[in-house]
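Worksheet: one structure, shown below.
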Amino acid sequence: MSPLRVLTGITTSGTPHLGNYVGAIRPAVRASLAPGAESFYFLADYHALIKVGEPARIQRSTLEIAATWLAAGLDPERVTFYRQSDIPEIPELCWLLTCVTGKGVLNRAHAYKASVDKNTATGHDADTDVTAGLFMYPVLMAADILLFKAHKVPVGRDQIQHIEMARDIAQSFNHLYGEHLVLPEAAIEASVATLPGLDGRKMSKSYDNTIALFAPREQLRKQIAGIVTDSKAPGEAKNCEGSALFEIYQAFASAEETAALRASYADGIAWGDAKQMLFERIDREVAPMRESYEALINDPSKLEDILQAGALKARTLATPFMATLRQNVGLRNLRSNTETRSAKPAKAALPTLKQYREKDGLFYFKLVDAHGRLLLQSLSFESPRDAAATIALLQTHGSQALGELQARLEPIEGVSEDDVAMALTLLS
Ligand code: TRP
């Protein structure tokens with residue numbers, strides 16, 4: 001079985017704040033360190049273009065976000081970390097998916113509908129200032145996910161609909177062309193808190209209530225001083241519930257530290273002192289990362305090298321898979337003609353999947369490519385019917401059946417999953 005694949009994208013449209021760190025970056029970095037999972041993290045700069053029309057801001061945000069993730073401990077050797085726009089297969093797949101996506105499905109996307117509703121409410125034409133990019137957002141996101149056969153996609157609740165759409169789009173594609181795309185699932189971390197911002201509402205760029213993750217120390221102190229509190233005087237007991245300061249502290253502190261602050265609230269700690277505690281606690285976690293962040297920001301060519309290496313790693317998977325998908329939909333080299341009725345199939349150019357009996361009296365099958373290279377070799381079957389049933393499984397499900405059949409196959413050195421997938425596609 002292939003390992004669990006986890007993939008998520010980060011839109012490069014701003015500067016990371018504490019809410020991004022607690023809600024997305026920190027849990028993702030932790031998850032990437034767990035054994036067993038194969039993680040993909042990418043900078044969604046094509047998505048950023050939908051919202052941001054300032055080239056310098058796109059570039060700056062890409063730099064800051066890349067530096068942030070690495071400073072927060074993402075290990076590019078361990079995960080695949082890349083920039084969306086370095087993978088030409090993403091827009092290529094996006095088009096194939098566009099052609100199987102119902103326009104009505106996109107009409108129902110929350111972000112698009114919100115824009116339309118706002119226009120209608122203010123008496124404008126429904127599509128005023130709505131770009132086709134905004135409309136197509138879910139399809140591009142589906143391409144991001146489906147190209148890498150991701151199983152799990154960690155996202156915020158606001159993105160669940162997009163993952164459901166990616167599933168629907170994958171299903172439409174599979175229905176038409178065979179089971180090539182993996183259906184992804186959203187992974188919502190229940191234990192991850194949404195952080196309140198300076199004004200007590202959810203910390204978000206759109207509310208302008210954020211605390212920058214890597215602001216210089218003194219600026220961090222100033223921003224924390226700006227968190228809203230009530231007007232209780234020093235010595236008066238304070239409420240933890242509904243206190244933004246308390247909630248932010250909790251997101252960084254251990255259970256004991258949190259209990260201690262709770263007791264101080266009850267004892268009437270002065271707001272200024274509580275803010276100082278919060279500042280120190282956050283700075284303790286952030287300071288070491290801030291140092292590597294600054295080093296990275298000041299060395300853009302190092303970051304670029306890391307992203308290029310990531311793109312190479314990503315494309316090792318994306319390029320052959322995209323070739324298979326092109327083949328599937330009929331964007332084919334004319335020499336590999338397999339389906340025109342008048343012309344005889346070019347037999348010699350096709351792989352073969354055949355069953356045979358060995359001297360041992362048992363039954364086997366093998367897959368050999370057009371040049372005679374062995375791609376799959378089965379173990380023995382007692383009955384020819386069992387061998388035939390397994391072959392039928394490969395013929396109908398293609399490479400999707402491989403995981404299940406692993407125990408029936410002999411490993412062959414130097415043959416990649418994509419070579420096998422391509423051969424099976426040519427056969428189907
Ligand atoms: N839409 C996501 C967000 O705004 C970012 C994103 C783009 C993404 N492509 C993705 C997330 C693919 C997960 C998978 O948060």
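Counting starts at 1 for both ligands and their atoms, following the listed order.
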Subject >> Side-chain donor-acceptor contact under 3.5 Å, Arg108 with Gln161 >> reply: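 Not at all, the side chains of Arg108 and Gln161 share no donor-acceptor pair under 3.5 Å.
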Original post:
With a 3.5 Å cut-off and no angle check, do the side chains of Ser204 and Ser206 form a donor-acceptor pair?
Top reply: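 Indeed, the side chains of Ser204 and Ser206 share at least one donor-acceptor pair under 3.5 Å.
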Without placing hydrogens or testing angles, list every side-chain donor-acceptor pair under 3.5 Å for residues 130-140, not counting sequence neighbours.
{"from": "Thr131", "atom 1": "OG1", "to": "Gly133", "atom 2": "N", "distance (Å)": "3.3"}
{"from": "Thr131", "atom 1": "OG1", "to": "Leu134", "atom 2": "N", "distance (Å)": "3.1"}

Polar pairs, ligand 1 vs protein, N/O only, below 3.5 Å.
{"from": "ligand 1", "atom 1": "1 (N)", "to": "Tyr137", "atom 2": "OH", "distance (Å)": "2.6"}
{"from": "ligand 1", "atom 1": "1 (N)", "to": "Gln159", "atom 2": "OE1", "distance (Å)": "2.9"}
{"from": "ligand 1", "atom 1": "4 (O)", "to": "Tyr137", "atom 2": "OH", "distance (Å)": "3.3"}
{"from": "ligand 1", "atom 1": "4 (O)", "to": "Gln159", "atom 2": "NE2", "distance (Å)": "3.4"}
{"from": "ligand 1", "atom 1": "9 (N)", "to": "Asp144", "atom 2": "OD2", "distance (Å)": "2.7"}

**OP:** Take Tyr293 and Trp69 through the ring pair (Phe, Tyr, Trp, His ring centres under 6.0 Å) test and state the conclusion after the steps.
**Re:** CA-CA 9 Å; Tyr293 174 80; Trp69 280 72; over 10 Å; no
Subject >> Steps toward salt bridge (Lys or Arg N to Asp or Glu O under 4.0 Å) verdict (Lys302, Asp305) >> reply: CA-CA 5 Å; Lys302 176 165 177 202; Asp305 286 346; over 6 Å; no
Original post:
Name the one of Thr128, Thr122, Asp127 that satisfies side chain to side chain donor-acceptor pair (under 3.5 Å) with His124?
Top reply: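 Result for side chain to side chain donor-acceptor pair (under 3.5 Å) with His124: Thr122.
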